[in-house]
4 protein chains.
Amino acid sequence: MKGASGTEQRIREAAFRALAEHGYADLTIVDIGDELGQNPSLIYHYFDSKDELLLSMLDVFVDLFVTGVDEEPVHDPEAELRQVVAQLLHPDPVRVQQVMESPPTDIETAMSRVFVELWGHAIWDDDFRAETTALEERVREAITAILRTGIERGEFRPVDPKLTADHLFFLLMQATHTRATTNWETATDRVEEIVDDIIDDIARDD
Amino acid sequence: MKGASGTEQRIREAAFRALAEHGYADLTIVDIGDELGQNPSLIYHYFDSKDELLLSMLDVFVDLFVTGVDEEPVHDPEAELRQVVAQLLHPDPVRVQQVMESPPTDIETAMSRVFVELWGHAIWDDDFRAETTALEERVREAITAILRTGIERGEFRPVDPKLTADHLFFLLMQATHTRATTNWETATDRVEEIVDDIIDDIARDD
Amino acid sequence: MKGASGTEQRIREAAFRALAEHGYADLTIVDIGDELGQNPSLIYHYFDSKDELLLSMLDVFVDLFVTGVDEEPVHDPEAELRQVVAQLLHPDPVRVQQVMESPPTDIETAMSRVFVELWGHAIWDDDFRAETTALEERVREAITAILRTGIERGEFRPVDPKLTADHLFFLLMQATHTRATTNWETATDRVEEIVDDIIDDIARDD
Amino acid sequence: MKGASGTEQRIREAAFRALAEHGYADLTIVDIGDELGQNPSLIYHYFDSKDELLLSMLDVFVDLFVTGVDEEPVHDPEAELRQVVAQLLHPDPVRVQQVMESPPTDIETAMSRVFVELWGHAIWDDDFRAETTALEERVREAITAILRTGIERGEFRPVDPKLTADHLFFLLMQATHTRATTNWETATDRVEEIVDDIIDDIARDD
DNA sequence: CATGAATGAGGATTCATTCAT
DNA sequence: CATGAATGAATCCTCATTCAT
């Protein structure tokens, strides 16, 4: 794998789009080459194998999914909590553009499909599973930190921050999962409704 | 596809076990034949194609996953609600035996893997997606019915039964998903903790 | 690799002919399939890989090269010595037919080419080298046994049987090598001349 | 192909070493580039194709193998005969250094491997076969010349010089061949023993 | 001179599926 | 019912070669 060539990142992004379009079981090197607009064999100048490319492509997903979630100190807990929710459910096209050169047209669909496909692959591949586990922890900890700050400042009720973070986290992940895997069109809305209620409840002033 | 031959069902079950062992992307007709203990060509006497078999195999999963959840009239809402939770998270070996001739050794792992693989496939296959959607609705309605009965009888607080059912449902599905796809060993326990709190809250006598 | 199917042997023979026609560096599975008159993928029902097939094909060469050389007790040392020489340099079509179903048209050319190609491959492959080493020893020992018997019976002069056997063996091998690898058309005749002189010398009655 | 640039010769030598390390069937342009310590594309500035380079590389082998064998008038036939034998079986490191800038560490192994690989390729390539034929003739004639001089001067018995030269030549070639292609470690010693006996016999004073 | 990106043809291997028995 | 031989399409990957810089 070579160094800082832009091509390498372009290949990763092409793999991301191809995965969102074909799924793991059906994804071929030719599909990725098509998406890349170049000869498939070029891929092997930058990656040793299809597996290595796909593992490396996880980075693209991670960047899209959690960049910004856990980077800043917490200023306004409730606003930030709601923003994390929004970010996980509805990727901001502007931020996506900063991370990805040529994002897919429908980024929400692409993200949820890729999420399901990558997590599904993690069942069988230890390297992948290490990444999925780490990514989930990162998100849960980010939410925990926001909750903790809110509680310390008295803006949130004194709930168990880790437990509540996990609770929210489970709901958000499942929203993404159901969106990709069923015809229940309003599932995401439903999750948002539930999550909003929970946040309202935590943040309520009583 | 021929009639209700025992062989046909044995093939479906073999496909289920093979899927739990290899995953969708890696599943071959030979794998299924191995699991069946017979020549792979035999499968084509009963099913027109691999795809048809796998679609048909969804029935095995449905039987395992929801049989019993929605069949009886509701007697004791809280007990039955807790039992639905238990059933979705921890398949009862006795009941599994009634539905499946040769279940896999570790049925919890098998169930959660197959769940993720089948739902993942539903992204790409409309027939599958119709089934996943219907199955989810069936579970959500079963929970809704229990909640509604409990509320009518005054045993539960007057929550929105559909909303709460969806809430519980999302958590239960995500437990299965996280169990299969990450190294977070105690995720299922965590969901049970959260779900128990919710049920306690609904059923609380105040 | 399956058992006693005739197809397996037919594949080995096809590989032999294809090797004689294309050489090791240029030998493809498609070439072997062509020679076999069947689809190349059939080969993989009988052999795990091209390498495994080619190793197994060594047996065909061994059968052709040394069968009969070392099987019988020695009756007439000089005649048998001359016959071994003849066999190694000029395979008898009748005997070839017994060992091989469809031998190549020009068996002498084929044998010497295959010899050079297989021995060349033995440089890089330990399994092959074990076979070439064993085969050479078998031939040298067969010649040694004939010489020893002739000496014991007083029909040969009391030469060192092992040394003389090696001497004859080196010349015979090189005849095959030079025949395949140069334009020196009469090299084999030249070796026969030299070998005949040596045998005359050993068997001379003085 | 450009002129007599030093780089051109360095490429030929790199090809020689790469051939000794990988074998013909496995030799890639990248291997040669690695051995050269430079970018493989550079090779195409000096040679039109891999085939052309390898044909040109034969010169390196010829230089190593026969330089000195046939250049001088004969002074001491027996000594010179023994020296030709020694040179063909055990390349002198000093002389190798004069012909090759960076010879491989184990020159004997390299020489015998390259010999087998090149001669093997000569089966399939007329240009190569012309070279192998010419080289062999040159060696045989050099030996013949020495023998003839020895006989004329009465230092050797009046054997047929061409026949004896071929005899010695066959043995020497086969020593190289067996050394590279089998595990018979002492084959070269064995050939030397036989060849020494022959020379002793020719040179004997009776 | 020298590099490295890029191409395209070819090769080994896998696998769903068919068919004769 | 059941087997196993056989096919052919598809897939991953390699590698000689070209070209822009």
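Atom set for the values below is all heavy atoms of this structure, side chains included, hydrogens, waters and symmetry mates excluded. Naming convention: chains lettered A, B, ... in sequence-line order (proteins, then strands); numbering from 1 in each chain.
Comparing dA2(E), dC13(F), dT7(F) against the side chain of L42(C) picks out dT7(F) as the nearest. Distance from the side chain of S41(C) is smallest for dC15(E) among the nucleotides dC15(E), dC1(E), dA6(E). With distances taken from any side-chain atom of N39(C) to the nucleotides dT3(E), dG8(F), dT13(E), the minimum falls on dG8(F). Of all nucleotides listed (dA9(E), dT13(E), dA2(F)), dT13(E) comes nearest to the side chain of K50(C).
Both P40(A) and P40(B) lie near DNA chain F, and the one whose nearest nucleotide falls closer to the 5' end is P40(B). Between D26(C) and D51(B), the one whose closest nucleotide on DNA chain E sits nearer the 5' end is D26(C). The residue among I29(A) and Q38(C) whose nearest nucleotide of DNA chain F lies closer to the 5′ end is Q38(C).
Between T7(C) and dA6(F) there is a side-chain polar atom (N or O) within less than 4.0 angstrom of OP1 or OP2. The side chain of Y46(A) contributes an N or O atom lying less than 4.0 Å from OP1 or OP2 of dA6(E).
Rounded to an integer number of Å, the gap from CG of L36(B) to C1' of dA2(F) is 11 Å. Here dA16(E) presents its P atom at 12 Å from NE2 of H22(B), a figure rounded to the nearest Å. Counting to the nearest Å, the C1' atom of dA10(F) and the CG atom of L27(A) are 14 Å from each other. We find that CG of D31(C) is positioned 13 Å from C1' of dA12(E), with the value rounded to whole Å. Between the CD atom of E52(C) and the P atom of dT13(E) there is a distance of 10 Å, rounded to whole Å. Between the OH atom of Y44(A) and the C1' atom of dC15(F) there is a distance of 14 Å, given to the nearest Å. Whole-Å rounding puts the L54(C) CG to dG11(E) C1' distance at 14 Å. Atom-to-atom, CD1 of I43(A) to P of dT7(E) comes out at 11 Å; the value is rounded to the nearest Å.
Screening F128(A), F61(A), W124(A) for a ring-ring contact (aromatic ring centres under 6.0 Å, His included) involving W119(A) leaves a single residue, F61(A).
Within the shown strands, dA2(E) is the pairing partner of dT21(F) under the Watson-Crick or G-U definition, both distances less than 3.5 Å.
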Yes or no on side-chain contact (heavy atoms from CB on, under 4.5 Å) for R10(B) and E101(B), after CA distance, side-chain angles and deciding distance? CA-CA 8 Å; R10(B) 276 179 45 238; E101(B) 202 173 303; 4.0 Å; yes
Which is it for H121(A) and Y24(B) under the side-chain contact (heavy atoms from CB on, under 4.5 Å) test, yes or no, and what are the steps along the way? CA-CA 9 Å; H121(A) 187 59; Y24(B) 215 103; over 6 Å; no
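Between L58(A) and D127(A), every side-chain heavy-atom pair lies at or beyond the 4.5 Å cut-off.
One N or O on the side chain of R17(B) and one on the backbone of E35(B) form a donor-acceptor pair closer than 3.5 Å.
Remark: the T28(C) side chain and the dG11(E) base include no donor-acceptor N/O pair separated by less than 3.5 Å.
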